[in-house]
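Working notes, structure below.
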Amino acid sequence: MASTTPSTLRWGIIATGGISTRFSEDLLVDPSTRDVSDVTHKITAVGSRSVAGAQKFIDKLKASEGVSAWGVKNGVLDDAKPCGSYDDVFADANVDAVYIGTPHTFHHANAKAALLAGKHVLCEKPFTFDLAELDELIAIAKEKKVFLMEAVWTRFHPIAYAVQDVLKSGKLGQVKRMFADFSMNFEPDTRPDDNRMIDPEQGGGSLLDQGPYPSVWCMLALHQHPDNKDKDPQVVSSYQRIYERSGVDAMSHWIVEWKGFAEARCLTDMTASGLSEATAVITCQEADLVIDYPPWRPESFSIVPHSGGEPGSIKEKTTFKHTVHAGGGMHYEADEVARCIRDGKLESSRMPLSESRVTQGWLDAVRKQGNTVLKDRKSTAGN
Ligand SMILES: NC(=O)c1ccc[n+]([C@@H]2O[C@H](COP(=O)([O-])OP(=O)(O)OC[C@H]3O[C@@H](n4cnc5c(N)ncnc54)[C@H](OP(=O)(O)O)[C@@H]3O)[C@@H](O)[C@H]2O)c1
């Protein structure tokens with residue numbers, strides 16, 4: 001049988017902070033450890049605000065141990081060029097796709113420059129500061145005929161598919177409502193003013209940073225449910241608690257309605273811990289489906305009978321484990337990007353732009369209904 005040569009995607013990494021490090025480390029993991037043989041990855045450029053910063057990042061990756069050492073030995077970093085500006089990466093002919101790992105308020109400008117240079121783009125969550133910025137990116141990507149996706153890695157995890165399979169199987173009966181929470185005590189008082197969770201200029205607060213995670217479970221469980229017909233679910237109620245030191249939100253709470261189908265209550269909080277055994281609870285006719293913490297990378301969920309005496313045919317609790325393969329779990333979304341680009345697709349059917357628009361719209365609605373310093377912040381769309 002003829003063996004097929006895997007398609008290699010050449011990445012340019014923008015910014016050298018925490019998440020760029022984790023994403024790049026996952027590009028260094030042997031794809032065969034997750035049963036992938038059709039795509040591979042290379043890092044061909046790293047962009048930082050200083051060339052020394054980019055070089056330091058590459059050097060650190062080259063010293064990787066554990067599962068990422070495979071990529072170092074197998075040439076993933078061999079052509080990695082340190083760039084002292086993001087524009088140098090966008091202009092690099094050896095870069096196919098750009099990964100954007102800057103703070104939220106820079107996503108629009110950085111992604112726009114990459115798209116205008118003709119690069120495919122994977123942009124960290126939240127996609128942009130507001131919907132107008134996202135719409136501009138989508139228009140440019142369409143015009144330039146390049147791929148664009150929000151880096152919502154959790155959607156590609158084994159558990160995400162497994163949860164949907166259970167809901168689609170119908171064994172839990174009708175879906176009635178859900179609750180999804182990303183609370184985590186970041187201890188904001190201990191952080192400096194320029195920390196991106198605190199600083200309004202970087203889009204600080206819980207909503208923009210944590211909000212995309214409750215949305216993951218809402219979209220997979222409710223929005224994509226075969227019984228849902230409402231493709232434009234709206235925020236019908238919201239509340240934000242102000243973090244007085246910088247005026248961003250410490251906590252946000254909102255309800256979304258899928259007309260004629262179900263409602264979701266969503267919560268983000270950077271000042272208190274979330275429930276350790278339930279990051280999302282999907283209430284169904286026959287039992288509840290409960291997804292364990294953490295919201296960004298859960299590895300187990302349970303089907304839990306309703307409380308004693310309540311109707312519901314399921315009487316035994318069952319727990320299902322779906323562990324992430326070797327690495328942090330960001331490689332699945334990277335594989336998706338590589339496959340889409342290989343196949344000439346301009347968006348992913350697993351993380352479609354229309355769904356990013358829906359969840360970005362929720363963030364806008366909650367922010368505009370609230371009273372933080374970001375409430376009326378000017379969009380950078382058009383700039
Ligand atoms: N998917 C996930 O699980 C996940 C997790 C964490 C964060 N994120 C997202 O990733 C983005 C970055 O988060 P992070 O935790 O990696 O942030 P971070 O550690 O603070 O890194 C951000 C990087 O952006 C660059 N940058 C450019 N302009 C900047 C400015 N004015 N101030 C500060 N940094 C600037 C810097 O890199 P250079 O100096 O090299 O230019 C900096 O290292 C956020 O949008 C966040 O929502 C996603």
For this session: Evaluate whether atom NZ of K345 has more than 12 neighbouring non-hydrogen atoms of other residues, nucleotides or ligands under 6.0 angstrom away.
Result: no
Problem set entry | Ionic contact status for D79 with R10, cut-off 4.0 Å | no
For this session: Establish, from distance only, whether the side-chain atoms of Q164 and Q224 form a donor-acceptor pair under 3.5 Å.
Result: yes
Problem set entry | Donor-acceptor side-chain pairing of E150 and S356 below 3.5 angstrom | yes
For this session: I would like to know whether T8 and T40 meet side-chain hydrogen bond (donor to acceptor under 3.5 Å, both in side chains); could you show each step before the answer?
Result: CA-CA 5 Å; T8 301; T40 61; 2.7 Å; yes
Exercise. Does V29 belong to the same Ile/Leu/Val/Met/Phe/Trp/Tyr cluster as V72, with side-chain heavy atoms less than 4.5 Å apart forming each link?
Worked result: no
Exercise. Charged N to carboxylate O below 4.0 Å: is that the case for D209 and R196?
Worked result: yes
Exercise. Between the side chains of D181 and T279, does any donor sit under 3.5 Å from an acceptor?
Worked result: no
Exercise. Do you know which of L27, D26, T21 makes side-chain contact (heavy atoms from CB on, under 4.5 Å) with F23?
Worked result: L27
Exercise. Between the side chains of Y239 and D249, is a donor N or O closer than 3.5 angstrom to an acceptor N or O?
Worked result: no
For this session: Identify whether the distance between the nearest side-chain nitrogen and carboxylate oxygen of D88 and K81 falls below 4.0 Å.
Result: no
Exercise. Taking all atoms of both residues into account, what is the closest heavy-atom pair of T33 and A326, and its distance?
Worked result: OG1-CB, 3.8 Å
For this session: Please indicate whether K145 has more than 12 foreign heavy atoms, meaning atoms of other residues, nucleotides or ligands, lying under 6.0 Å from its NZ.
Result: no
Problem set entry | Aromatic F186 / basic R191 pairing, under 6.0 angstrom, 45° off normal | no
Exercise. Looking just at side-chain N and O atoms, do E133 and T380 make a donor-acceptor pair shorter than 3.5 Å?
Worked result: yes
For this session: Look at the rings of Y293 and W296 and say which category their plane angle falls in: under 30° parallel, 30 to 60° tilted, over 60° perpendicular.
Result: perpendicular
Problem set entry | Cluster link L289 to M219, ILVMFWY, side chain under 4.5 Å | yes
For this session: Fit a plane to each ring of F320 and F301, take the angle between them on a 0 to 90° scale, and name the class: parallel (under 30°), tilted (30 to 60°) or perpendicular (over 60°).
Result: parallel
Exercise. Under a single-linkage definition using a 4.5 Å side-chain heavy-atom cutoff for Ile, Leu, Val, Met, Phe, Trp and Tyr, are F179 and I159 assigned to the same hydrophobic cluster?
Worked result: no
Problem set entry | Any donor-acceptor N/O pair, K119 side chain to D92 backbone, under 3.5 Å | yes
Exercise. Any Lys/Arg nitrogen of D232 or K259 sitting under 4.0 Å from an Asp/Glu carboxylate oxygen of the other?
Worked result: no
Exercise. Is W70 reachable from L28 through a run of hydrophobic residues whose side-chain heavy atoms are each under 4.5 Å from the next?
Worked result: yes
For this session: Inspect the contact between R357 and E355 and indicate whether a charged nitrogen and a carboxylate oxygen are less than 4.0 angstrom apart.
Result: no
Problem set entry | More than 12 heavy atoms from other groups under 6.0 Å of NZ on K56 | no
Exercise. Will you find, in the side chains of S313 and E286, an N or O donor that is under 3.5 Å from an N or O acceptor?
Worked result: yes
Exercise. Quick one: does NZ or CZ of R155 land under 6.0 Å from the six-membered ring centre of Y161, within 45 degrees of the ring axis?
Worked result: no
Exercise. So, D364 and Q360: side-chain donor and acceptor under 3.5 Å apart, yes or no?
Worked result: no
Problem set entry | Salt-bridge contact K112-E136 (side-chain N to carboxylate O under 4.0 Å) | yes
For this session: Report yes if the side chains of V163 and L220 come closer than 4.5 Å at any heavy-atom pair, otherwise no.
Result: no
Problem set entry | Within one Ile-Leu-Val-Met-Phe-Trp-Tyr cluster: I43 and L122, side-chain cutoff 4.5 Å | yes
Problem set entry | Candidate pair D269 and S206, rule side-chain hydrogen bond (donor to acceptor under 3.5 Å, both in side chains), full reasoning | CA-CA 6 Å; D269 191 339; S206 81; over 6 Å; no
Exercise. Do Q240 and S252 meet the criterion of a side-chain donor-acceptor pair at a distance under 3.5 Å?
Worked result: yes
For this session: Give the intermediate values and the outcome of side-chain hydrogen bond (donor to acceptor under 3.5 Å, both in side chains) for residues S32 and D30.
Result: CA-CA 5 Å; S32 73; D30 180 358; 3.0 Å; yes
Exercise. Should we say atom NZ of K231 is surrounded by more than 12 heavy atoms from elsewhere, each under 6.0 Å from it?
Worked result: yes
Exercise. According to the ring pair (Phe, Tyr, Trp, His ring centres under 6.0 Å) rule, which pairs have a member within residues 358-383, sequence neighbours left out?
Worked result: W258-W362
Exercise. Got a salt bridge between R34 and D335, using NZ or NE/NH1/NH2 to carboxylate O under 4.0 Å?
Worked result: yes
Exercise. Can you check side chain to side chain contact (heavy atoms under 4.5 Å, CB included) on C218 and C266, steps first, answer last?
Worked result: CA-CA 9 Å; C218 293; C266 300; 3.5 Å; yes
For this session: Using distance alone, with no hydrogens and no angle criterion, decide if S215 and T359 have a side-chain donor and acceptor under 3.5 Å apart.
Result: no
Exercise. Has R177 got more than 12 heavy atoms of other residues, nucleotides or ligands less than 6.0 Å from its CZ?
Worked result: no
Exercise. Quick one: does H107's side chain have a donor or acceptor within less than 3.5 Å of a partner on P126's backbone?
Worked result: yes
